[in-house]
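Let me begin by presenting the structure, written as structure tokens, before commenting on it.
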2 protein chains.
Amino acid sequence: MTVTPQTRPNSQEQLLTPGEVATLFRVDPKTVTRWATAGRIGSIRTPGGHRRFRESEVKTLLAELTNDVSHTA
Amino acid sequence: MTVTPQTRPNSQEQLLTPGEVATLFRVDPKTVTRWATAGRIGSIRTPGGHRRFRESEVKTLLAELTNDVSHTA
DNA sequence: TCAGATTAGGGTAATTGGGGAT
DNA sequence: GGTGTCCCAATTACCCTAATCT
């Protein structure tokens, strides 16, 4: 039991670690880092320099891939 | 100048526990403590030695470390 | 005062960042 | 052009017990 939604003074976004995102996409964590560096995905840095990713954004991006996106902008 | 509107921590400031800050950054509470020790984030100690963090400072820090993707089609 | 949950403190493993080469 | 793997250094996560907070 760890599902106790507390700490929501203003509806914060759920964040994911690079490893978690990498697992979702079936890629190497380094690749996720490259996506962030290339600006293809938004990222939040910890004061220590590690990255965190928005779960909603990741899910959206994941859904687009599943739906065969015509990424021709 | 006699009064500074909002530019100073006057009296009441919403304080957050290490656990709450940890949730916002998606890190371990111990990591937040480490940030305080390293001086990366300001902290207030309770008489018992526990740490409390200013909500405004945490929010500001979180905002500054956020890199949003401006994919404004 | 009691009870439950959180935090501090120290120590050790795992993850991550950055660069560079394949 | 994009991805996976190598290196090393830094940051973070999990282990424990005792003290503090609510």
Side-chain angles (χ1 to χ4, degrees), chain A, chain B residues 6 8-73:
Chain A
M1 299 304 231
T2 54
V3 190
T4 308
Q6 54 184 5
T7 313
R8 45 168 194 267
N10 53 353
S11 301
Q12 264 299 326
E13 183 67 44
Q14 187 72 339
L15 301 178
L16 299 176
T17 64
E20 291 172 337
V21 177
T23 301
L24 291 175
F25 282 91
R26 287 291 221 142
V27 295
D28 194 90
K30 287 292 187 180
T31 301
V32 179
T33 297
R34 290 186 178 121
W35 293 345
T37 303
R40 285 196 283 246
I41 184 175
S43 63
I44 297 174
R45 311 284 288 229
T46 66
H50 284 201
R51 295 184 182 86
R52 297 284 115 99
F53 303 93
R54 300 177 188 275
E55 186 183 32
S56 60
E57 186 176 351
V58 172
K59 284 184 177 178
T60 300
L61 197 57
L62 198 57
E64 290 180 359
L65 294 179
T66 305
N67 193 28
D68 182 78
V69 61
S70 53
H71 51 73
T72 324
Chain B
Q6 298 175 338
R8 65 175 183 177
N10 197 345
S11 51
Q12 285 80 2
E13 174 69 52
Q14 182 63 27
L15 298 179
L16 300 178
T17 63
E20 291 173 333
V21 178
T23 302
L24 292 176
F25 281 92
R26 188 40 175 101
V27 294
D28 193 270
K30 287 303 179 64
T31 301
V32 179
T33 297
R34 202 174 299 108
W35 294 343
T37 303
R40 290 194 173 106
I41 185 174
S43 63
I44 299 174
R45 311 279 294 211
T46 66
H50 286 198
R51 296 183 182 83
R52 296 286 117 95
F53 304 91
R54 298 182 183 279
E55 185 183 33
S56 60
E57 185 179 354
V58 174
K59 284 184 179 177
T60 301
L61 184 61
L62 189 59
E64 289 187 1
L65 294 174
T66 301
N67 297 321
D68 271 309
V69 179
S70 52
H71 51 70
T72 316

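Taken to the nearest 0.5 Å, the CG atom of B:Leu15 stands 11.0 Å off from the CD atom of B:Glu57. Interatomic distance, OG1 of B:Thr33 versus CD1 of B:Ile41, reported as 10.0 Å (0.5 Å rounding). Of the inter-residue distances, the one linking A:Phe25 atom CZ with A:Thr31 atom OG1 reads 11.5 Å to the nearest 0.5 angstrom.
The nucleotide whose nearest atom lies closest to any side-chain atom of A:Arg40 is, among D:dA13, C:dA8, D:dG2, D:dG2. Between D:dC14, C:dG18, C:dT7, one nucleotide has an atom nearer to the side chain of B:Pro18 than all others, and that is C:dT7. The listed nucleotides are C:dT7, C:dA8, D:dT12; the one nearest the side chain of B:Pro29 is C:dT7.
For B:Thr17 and C:dT6, the shortest distance from a side-chain N or O to OP1 or OP2 is not below 4.0 Å. In this structure, B:Thr33 reaches the C:dA8 phosphate: one of its side-chain N or O atoms is under 4.0 Å from OP1 or OP2. Phosphate contact (OP1/OP2 of C:dG18, side-chain N/O of A:Arg45, threshold under 4.0 Å): present. OP1 and OP2 of D:dT11 both lie 4.0 Å or more from every side-chain N or O belonging to B:Trp35. In this model, the phosphate group of C:dG9 is approached by a side-chain N or O of B:Arg51 to a distance below 4.0 Å at OP1 or OP2. Look at B:Thr46 and you'll find a side-chain N or O under 4.0 angstrom from OP1 or OP2 of D:dC21.
Using a 4.5 Å cut-off on side-chain heavy atoms (C-beta onward), A:Leu24 and A:Leu16 make contact.
Looking at A:Arg34, its side chain comes within 3.5 Å of the base of D:dG4 through a donor and an acceptor atom. Taking only distance into account, the side chain of B:Lys30 never meets the base of C:dG11 through a donor-acceptor pair shorter than 3.5 Å.
Distance, A:Leu15 CG to C:dT15 C1': 17 Å, rounded to whole Å. Atom CZ of B:Arg26 and atom P of C:dT15 are 13 Å apart (whole Å). Distance, B:Leu65 CG to D:dT12 P: 11 Å, rounded to whole Å. Protein atom CZ of B:Arg52 is 13 Å distant from nucleotide atom P of D:dT20, rounded to whole Å. Rounded to a whole Å, the CG atom of B:Asp28 is 10 Å from the P atom of D:dC15. In this structure, B:Ile41 atom CD1 and D:dT12 atom P are separated by 12 Å, rounded to whole Å. At whole-Å resolution of the value, CZ in B:Phe25 and P in D:dT11 are 15 Å apart. The separation between B:Glu20 atom CD and D:dT22 atom C1' is 13 Å, rounded to whole Å.
Residues meeting the ring pair (Phe, Tyr, Trp, His ring centres under 6.0 Å) test with B:Phe53, sequence neighbours left out: none.
Only one option out of A:Gln14, A:Glu13, A:Glu55, A:Glu20 pairs with B:Arg26 in a side-chain hydrogen bond (donor to acceptor under 3.5 Å, both in side chains); it is A:Glu20.
Pair assignment for D:dT5: none, as no Watson-Crick or G-U wobble contacts are both less than 3.5 Å. Pair assignment for C:dG20 gives none, since no Watson-Crick or G-U wobble pairing has each distance under 3.5 Å.
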